[in-house]
Amino acid sequence: MTISMEQIKELRDQTGVSVMQCKKAMEEAEGDMEKALMILKKKSSDIAAKKADRAATDGTIVIKKATNKAALVMLNCETDFVAKNSDFQDLANTLVDIALVDGADALQSKAADSISPVVQKVGENIQLGDVYVFEGDTIGTYVHNGKSGVMVALSGGNEELAKNIAMHIAAMKPEFLNKEAIPTEKIDMMREIFAKEVAESDKSEDIKAKMLQGKIDTYFKEQTLLDQPFIKSPEKTIAALAKDAGATVTKYVYSHIG
């Protein structure tokens with residue numbers, strides 16, 4: 001049967017795939033639009049599955065906010081060229097909208113249906129990366145060049161303070177929120193590393209023990225958000241900055257591509 005250009009255009013408008021792919025699908029479906037859509041959906045899933053083992057080390061990070069809520073989504077692809085592609089960017093924004101409205105778990109279950117057609121269009125492996133949803137009194141967010149993103153939640157304070165702390169996190173990349181968040185095994189590992197340095201000293205054992213503890217404390221202060229000097233006003237730690245504003249930092253996430 002003859003497939004009209006109007007049919008092909010309608011299918012392309014609905015899917016965004018190439019004219020040739022739409023023509024083949026319409027021919028296979030013998031002009032049945034619904035069947036053609038199902039054929040293209042299956043093909044896009046098959047293509048995505050074949051590309052799934054290719055390294056997706058580039059991509060973008062997007063964050064969206066609503067009242068007392070924010071969502072961060074990392075979407076990975078293979079190259080920076082595709083990361084800047086409008087279809088890829090639209091996909092990232094669609095996914096973060098789902099996360100913001102329905103939550104992280106819902107996005108994880110729904111993502112494949114949105115991702116597969118875009119894989120078919122751009123020809124690269126696309127994978128959903130980090131997904132976080134925060135709810136709270138005050139949420140600050142910051143995205144740098146689409147490659148790193150931060151969300152921080154405060155109890156009290158205001159959005160300006162939260163954003164300043166988010167920007168600080170992006171710059172200083174703390175590994176832990178506070179001392180209590182540091183795993184025992186991490187402390188033990190650093191103790192073992194620093195113990196080798198201290199052992200070479202000719203100091204007494206008491207002095208060596210103090211040196212070892214000092215090295216451990218210094219290391220983790222540099223890695224702990226609340227102990228870090230605020231990048232804009234180094235005379236204050238983040239803990240002091242928040243306290244002066246009547247706020248408490250309750251949690252944060254930092255995501256980075258590359």
Side-chain angles (χ1 to χ4, degrees), residues 55 57-59 61 63 70 72-74 76 104 129-134 136-157 159-258:
T57 56
D58 213 299
I61 292 174
I63 297 176
L72 177 152
V73 167
M74 176 191 290
N76 295 111
D130 294 340
V131 180
Y132 298 105
V133 178
F134 275 11
D137 294 343
T138 310
I139 299 173
T141 67
Y142 178 69
V143 177
H144 183 68
N145 292 335
K147 300 301 184 184
S148 62
V150 177
M151 294 198 304
V152 58
L154 308 181
S155 175
E159 288 194 8
E160 182 180 0
L161 172 66
K163 183 174 182 179
N164 277 330
I165 294 176
M167 293 174 69
H168 169 96
I169 292 168
M172 301 307 294
K173 305 174 182 59
E175 191 173 352
F176 312 103
L177 173 61
N178 51 32
K179 292 178 182 178
E180 291 72 26
I182 304 171
T184 302
E185 57 267 26
K186 184 79 172 182
I187 296 173
D188 291 342
M189 182 178 70
M190 296 313 300
R191 186 182 301 279
E192 182 179 346
I193 291 170
F194 288 129
K196 293 177 182 178
E197 296 180 12
V198 172
E200 297 174 359
S201 171
D202 57 1
K203 304 293 184 180
S204 68
E205 291 305 313
D206 286 349
I207 297 298
K208 284 183 180 181
K210 290 179 180 178
M211 289 171 59
L212 176 58
Q213 191 59 50
K215 286 178 176 289
I216 293 170
D217 290 345
T218 298
Y219 173 83
F220 282 112
K221 277 187 176 181
E222 293 173 354
Q223 301 298 319
T224 302
L225 174 61
L226 296 184
D227 289 331
Q228 288 182 335
F230 178 42
I231 194 167
K232 290 185 176 181
S233 302
E235 69 278 3
K236 283 188 178 183
T237 63
I238 294 295
L241 179 74
K243 184 178 179 180
D244 288 349
T248 302
V249 182
T250 58
K251 60 182 177 178
Y252 76 94
V253 292
Y254 169 76
S255 293
H256 179 69
I257 293 173

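Heavy-atom basis, side chains included; hydrogens, waters and symmetry copies ignored. Predicted model, so just to flag it, every value in this text is computed and none were measured.
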Student: Got a second to check how far Ile207's CD1 is from Leu212's CG, nearest 0.5 Å?
Tutor: 13.0 Å

Student: Do NZ/NE/NH1/NH2 and the carboxylate oxygens of Glu205 and Lys208 come within less than 4.0 Å?
Tutor: yes

Student: Quick one: are Ser255 and Leu72 in side-chain contact, heavy atoms under 4.5 Å?
Tutor: yes

Student: Is the side chain of Lys221 donor-acceptor paired with the backbone N or O of Ile216 at a distance under 3.5 Å, no angle test?
Tutor: no

Student: Looking only at non-hydrogen atoms, find the nearest pair between Pro229 and His168 and report the distance.
Tutor: O-CE1, 3.1 Å

Student: Could you check Val253 against Asp130 for side chain to side chain contact (heavy atoms under 4.5 Å, CB included), going step by step and ending with a plain yes or no?
Tutor: CA-CA 10 Å; Val253 292; Asp130 294 340; over 6 Å; no

Student: For His256, I'd like to know if atom NE2 has over 12 heavy atoms of other residues, nucleotides or ligands within 6.0 Å.
Tutor: yes

Student: At what distance, to the nearest 0.5 angstrom, does CE of Met151 lie from CD1 of Ile63?
Tutor: 6.0 Å

Student: What's the spacing between Ile61 CD1 and Ile257 CD1 if we round to 0.5 Å?
Tutor: 4.5 Å

Student: Does Lys179 make a cation-pi contact with Phe220, if we ask for NZ or CZ under 6.0 Å from the ring centre and within 45° of the axis?
Tutor: no

Student: How close do Thr141 and Ala70 get, heavy atom to heavy atom, and via which atoms?
Tutor: CG2-CB, 4.2 Å

Student: Might you point out which heavy atoms bring Tyr252 and Tyr254 nearest each other, and give the distance in Å?
Tutor: CD1-N, 4.3 Å

Student: Side chains of residues 184-199: which donor-acceptor partners sit under 3.5 Å, not counting sequence neighbours?
Tutor:
| residue | atom | partner | partner atom | Å |
| --- | --- | --- | --- | --- |
| Lys186 | NZ | Glu175 | OE2 | 3.3 |
| Glu197 | OE1 | Lys215 | NZ | 3.3 |

Student: Do the side chains of Pro174 and Thr224 get nearer than 4.5 Å, heavy atoms only?
Tutor: no

Student: Evaluate the criterion side chain to side chain contact (heavy atoms under 4.5 Å, CB included) for residue pair Ile169 and Tyr142; output intermediate values, then yes/no.
Tutor: CA-CA 9 Å; Ile169 292 168; Tyr142 178 69; over 6 Å; no

Student: Looking only at heavy atoms, which two atoms of Ala181 and Leu177 are closest? And how far apart?
Tutor: CB-N, 4.2 Å

Student: Would you compute the distance between atom OH of Tyr132 and atom CE of Met74 and round it to the nearest 0.5 angstrom?
Tutor: 8.0 Å

Student: I'd like to know if the side chain of Thr138 and the backbone of Glu159 have a donor-acceptor N/O pair within less than 3.5 Å.
Tutor: no

Student: Counting only heavy atoms not in Lys203 (residues, nucleotides, ligands), do more than 12 fall under 6.0 Å from its NZ?
Tutor: no

Student: Testing the basics here: between Ala247 and Gly156, what is the closest heavy-atom pair and its distance to 0.1 Å?
Tutor: CB-C, 3.8 Å

Student: Determine whether Ile231 and Met167 make a side-chain contact, defined as any pair of heavy atoms from C-beta on separated by less than 4.5 Å.
Tutor: no

Student: Only one of Ile139, Thr248, Leu161, Asp137 clears side-chain contact (heavy atoms from CB on, under 4.5 Å) with Leu154; which?
Tutor: Leu161

Student: Main chain of Ser155, side chain of Thr250: is a donor-acceptor contact present, judged purely on distance under 3.5 Å?
Tutor: no

Student: So, does Asn178 use its side chain to make a donor-acceptor pair with the main chain of Glu180 at under 3.5 Å?
Tutor: yes

Student: Tell me, yes or no, whether the heavy-atom count around Lys163 atom NZ, taken from other residues, nucleotides or ligands under 6.0 Å, exceeds 12.
Tutor: no

Student: What heavy-atom pair brings Lys232 and Pro234 nearest, and what distance separates the two atoms?
Tutor: C-CD, 3.8 Å

Student: Which value, rounded to the nearest 0.5 Å, describes the distance between Gln223 atom CD and Gln228 atom CD?
Tutor: 7.5 Å

Student: Any side-chain heavy atom of Thr237 within less than 4.5 Å of one from Leu226?
Tutor: no

